[in-house]
Number of protein chains: 2
Amino acid sequence: MAEKDRGNAAGVAPAQGAPRRSPRQLSIKDIARIARVSHPTVSRALQNSPLVNAKTAEKIRRIADEAGYRASAVARGLVTRRTRTIGLVVTTVADPFASEVVCGVEQTANDHGYSVFLADSNADPERERKVVQAFAERRVDGILVTSSRVGALYLPMLAQMQVPIVLVNDQYPGAFVHSVMIANFEGMRAAAGHLVELGHRRIAYLGDQFGYQSDAERLAGFRAALESASIPVRSQLIAHGDGKPEAAMAAMKALLAARPTAICCYNDMTALGATHQLRAHGLRVPKDISVTGFDDLFFAAYLEPPLTTVRQPMRRMGQLAMESLLRLMSGEESVPQIRVDAELVVRASTARMSGRG
Amino acid sequence: MAEKDRGNAAGVAPAQGAPRRSPRQLSIKDIARIARVSHPTVSRALQNSPLVNAKTAEKIRRIADEAGYRASAVARGLVTRRTRTIGLVVTTVADPFASEVVCGVEQTANDHGYSVFLADSNADPERERKVVQAFAERRVDGILVTSSRVGALYLPMLAQMQVPIVLVNDQYPGAFVHSVMIANFEGMRAAAGHLVELGHRRIAYLGDQFGYQSDAERLAGFRAALESASIPVRSQLIAHGDGKPEAAMAAMKALLAARPTAICCYNDMTALGATHQLRAHGLRVPKDISVTGFDDLFFAAYLEPPLTTVRQPMRRMGQLAMESLLRLMSGEESVPQIRVDAELVVRASTARMSGRG
DNA sequence: GAATGGGCCGTACACGTGTGCACAAAGGGG
DNA sequence: CCCCTTTGTGCACACGTGTACGGCCCATTC
């Protein structure tokens with residue numbers, strides 16, 4: 001109701017404020033009239049149906065093309081009950097990881113004739129509610145959620161929609177919920193193992209308190225690497241930020257008391273903040289302390305020093321998620337969980353441990 | 001057609017491959033039956049129309065709520081001829097500038113009951129064509145384009161749509177095309193002026209060959225700063241990349257022959273690549289050479305050294321663009337061009353010129 | 001020549017919502 | 001008591017597309 005007030009100011013007659021109805025798009029019937037056929041014939045001709053004579057079909061298509069006719073997807077959606085539309089939920093597009101995934105999703109969706117509704121929840125429950133409601137009203141054929149805590153809020157609403165769902169880097173117990181996951185455990189184990197091989201023993205982990213499953217799995221991988229080298233995992237060497245540079249700085253500050261010689265960060269954004277904090281304390285990377293990230297975002301290779309990190313094929317994961325969703329929407333069975341391999345990319349932010357530690 | 005093959009493997013009968021029609025959503029008529037009223041009454045009740053008795057309206061709303069009813073936006077769109085939907089075109093969401101703008105757009109769109117179709121063109125003409133066609137078929141109420149060359153392709157198709165359009169950081173001569181622009185000229189002039197004040201005289205400009213108007217304006221600002229200090233602008237000190245780090249590295253390499261002591265980059269992504277190249281050549285920033293960026297992306301403050309740059313309020317610009325579009329869609333007149341101020345943010349990648357130059 | 005059948009096309013719906021209009025009921029004034 | 005106004009409700013459309021069904025025409029066959 002608030003937005004109703006925006007248009008017409010109180011009392012005053014609207015200047016030219018009548019919400020413009022478009023001046024009448026031309027419809028299938030207009031084409032039919034020009035071509036001197038009935039509108040179903042036009043409909044069939046444009047669908048390349050074999051039920052219509054090849055000559056007339058060609059003529060109709062030509063006329064439609066010259067008139068610049070565009071079939072209304074909304075009318076079609078109403079009758080076919082499939083909108084060829086998906087909803088894409090993301091905590092925030094401003095996060096580079098998310099935007100890469102979005103990119104992959106959008107490309108393959110378009111390639112298959114689907115349009116995507118983008119919505120970022122900002123991790124705000126109220127906004128999440130509105131988003132899901134909007135998707136429900138838009139009658140999307142499927143939903144794709146990336147890097148968001150799938151809260152208790154989603155479930156009941158989504159269940160009511162009876163629409164297939166695919167999660168990226170998250171899981172949810174439920175019949176119609178599938179997911180695409182990176183190998184969190186193995187990826188982080190490789191990163192930590194790399195540090196172990198370089199002779200480090202006081203290795204810290206800087207996680208993401210909102211990472212939930214991803215964070216748990218990466219931490220587990222971290223632990224596994226240390227334990228298999230018989231290095232005790234000390235709680236003073238574990239801290240959590242929120243996956244963004246700012247909070248990472250604070251968490252890093254706290255970790256410094258334990259004097260780590262290396263640190264595994266939950267993701268590259270965290271590594272960005274952590275490294276910045278290290279410099280503020282006069283520590284040099286990697287001479288005094290080694291740092292690893294996770295994701296391999298576009299900037300990782302361009303940092304000083306270039307960041308050793310675990311590569312996630314984010315765009316590819318978006319593509320896989322969309323393809324999985326496409327299968328579900330067409331009624332096929334699909335593997336409920338797709339696992340993608342992670343790859344350790346060694347650059348210059350990690351080095352053999354020096355004397356200092 | 002290629003995608004048809006993906007689902008059902010050649011020859012084999014599709015397992016349960018019938019495109020699932022959703023099992024019948026419940027409609028306004030179902031609610032009407034339960035409430036023992038006619039469906040128009042339900043329609044009016046849910047719109048809070050004063051034409052329906054307060055008691056019955058309340059009862060209807062309660063029933064609808066309990067049944068989990070969600071009005072079909074597609075049916076509503078068909079009859080009202082307004083979908084409350086906008087199309088958002090972007091060269092690629094993976095670009096941090098774009099994703100920030102997208103973020104601002106999406107937020108204010110949702111706040112006003114609009115959903116946004118996201119599409120990235122990838123600067124591919126064929127894809128652009130498909131995108132615009134999809135928007136036309138979806139019957140979007142408006143279109144928003146950010147940081148894309150608005151090619152000759154767009155115009156005829158968009159003109160046919162008769163839909164308001166708002167451009168971010170681009171302009172187009174045309175009746176219904178509005179725009180939101182950053183102060184490119186003043187921003188870059190401030191950055192270059194800053195370098196001049198620091199005593200630099202051999203200042204290079206590393207532009208974006210696809211930046212068109214933005215690049216032209218920023219280059220003009222660069223020139224103005226130098227000329228007002230009576231510094232000649234030498235062509236060997238001007239090069240162009242494509243707005244991304246990789247191409248910036250190549251362009252930077254070429255510039256080094258002219259031995260600049262400072263460099264103004266078209267944007268932060270360019271600065272990222274340029275700086276990387278400088279280091280590869282053993283040059284220290286800012287001791288040997290100063291660098292400035294443009295945008296103030298999230299990583300700018302976290303680089304080593306933190307990047308001096310020109311801040312663009314990207315999210316705010318997305319918001320302004322969407323608000324402008326909202327006005328246009330509601331038939332109001334709106335200022336055809338909104339100009340946003342840029343702000344120089346001085347950090348540590350620029351320093352007083354040392355002896356070397 | 002009539003019956004049969006196939007190829008094309010039109011008629012009549014349906015999808016779910018919004019809205020102009022008629023109309024019934026209630027109330028109020030003469 | 002009648003008429004007129006007000007208030008609330010239902011009827012009948014419309015939006016643009018897809019599709020089951022019937023029917024026409026013409027060719028073919030017996």
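Not measured: the values here are computed from a predicted model. Residue numbers begin at 1 in each chain, while the letters A, B, ... track the order of the sequences.
Looking only at side-chain heavy atoms (C-beta outward), A:H178 and A:V335 stay at 4.5 Å or farther from each other.
D:dT17 atom C1' lies 13 Å from atom CD1 of A:I31, rounded to whole Å. Distance B:R76 CZ to D:dA14 P: 22 Å, rounded to the nearest Å. When the P atom of D:dG10 is taken as reference, atom CZ of B:R33 falls 14 Å away, rounded to whole Å. Here the C1' atom of nucleotide C:dT19 and the CZ atom of B:R81 are 14 Å apart, to the nearest Å. The interatomic distance linking A:Q25 (CD) with D:dG16 (C1') rounds to 11 Å, in whole Å. Between B:E58 atom CD and D:dG8 atom P there is a gap of 15 Å when expressed in whole angstrom units. Taking atom CZ of residue B:R70 and atom C1' of nucleotide C:dG16, one finds them 16 Å apart after rounding to whole Å. Going from atom NE2 of A:H39 over to atom P of C:dA14 covers 14 Å, rounded to whole Å.
Distances shown here put every side-chain N or O of A:S72 at or beyond 4.0 Å from the OP1 or OP2 atom of D:dT17. A sub-4.0 Å separation between OP1 or OP2 of C:dC9 and a side-chain N or O of A:T56 is present. Applying the 4.0 Å criterion to OP1 and OP2 of C:dG18, one finds that B:T80 has every side-chain N and O outside that range.
Residues that satisfy the side-chain hydrogen bond (donor to acceptor under 3.5 Å, both in side chains) test with A:Q47, not counting sequence neighbours, are A:S43. In this structure, the ring-ring contact (aromatic ring centres under 6.0 Å, His included) partners of A:F117, at least two apart in sequence or on a different chain, are B:F117.
Toward the 5' end of DNA chain D, the nearer of the two residues A:K29 and B:R36, judged by each one's closest nucleotide, is B:R36. Along DNA chain D, the nucleotide nearest B:T41 and the nucleotide nearest B:A75 are compared for position; the residue whose nucleotide lies closer to the 5' end is B:T41.
Candidate nucleotides D:dT17, C:dG16, C:dG10 were compared by shortest atom distance to the side chain of A:S38, and C:dG10 ranks first. Side-chain proximity of A:Y69 to D:dG10, D:dT17, C:dT11: nearest is D:dT17. With D:dT17, C:dT19, C:dT11 as the candidates, the nucleotide lying closest to the side chain of B:P40 is C:dT19.
Within 4.0 Å (heavy atoms only), B:V37 reaches sugar-phosphate atoms of the nucleic acid but no base atom.
Listed here is the closest heavy atom pair of B:Q25 and B:D30: O-OD2, 4.2 Å. When all heavy atoms are compared, the tightest approach of A:A136 to A:M161 is CA-CE, 3.5 Å.
For the segment residues 44-53 of chain A, the set of residues with a heavy atom within less than 4.0 Å of an atom of DNA chain C comprises A:R44, A:L51, A:V52, A:N53, in numerical order.
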Intermediate values then yes/no, side-chain contact (heavy atoms from CB on, under 4.5 Å), A:K130 and B:N110: CA-CA 8 Å; A:K130 286 182 70 173; B:N110 268 21; 5.8 Å; no
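One side chain, B:R327 or B:S334, offers a donor N or O that lies under 3.5 Å from an acceptor on the other.
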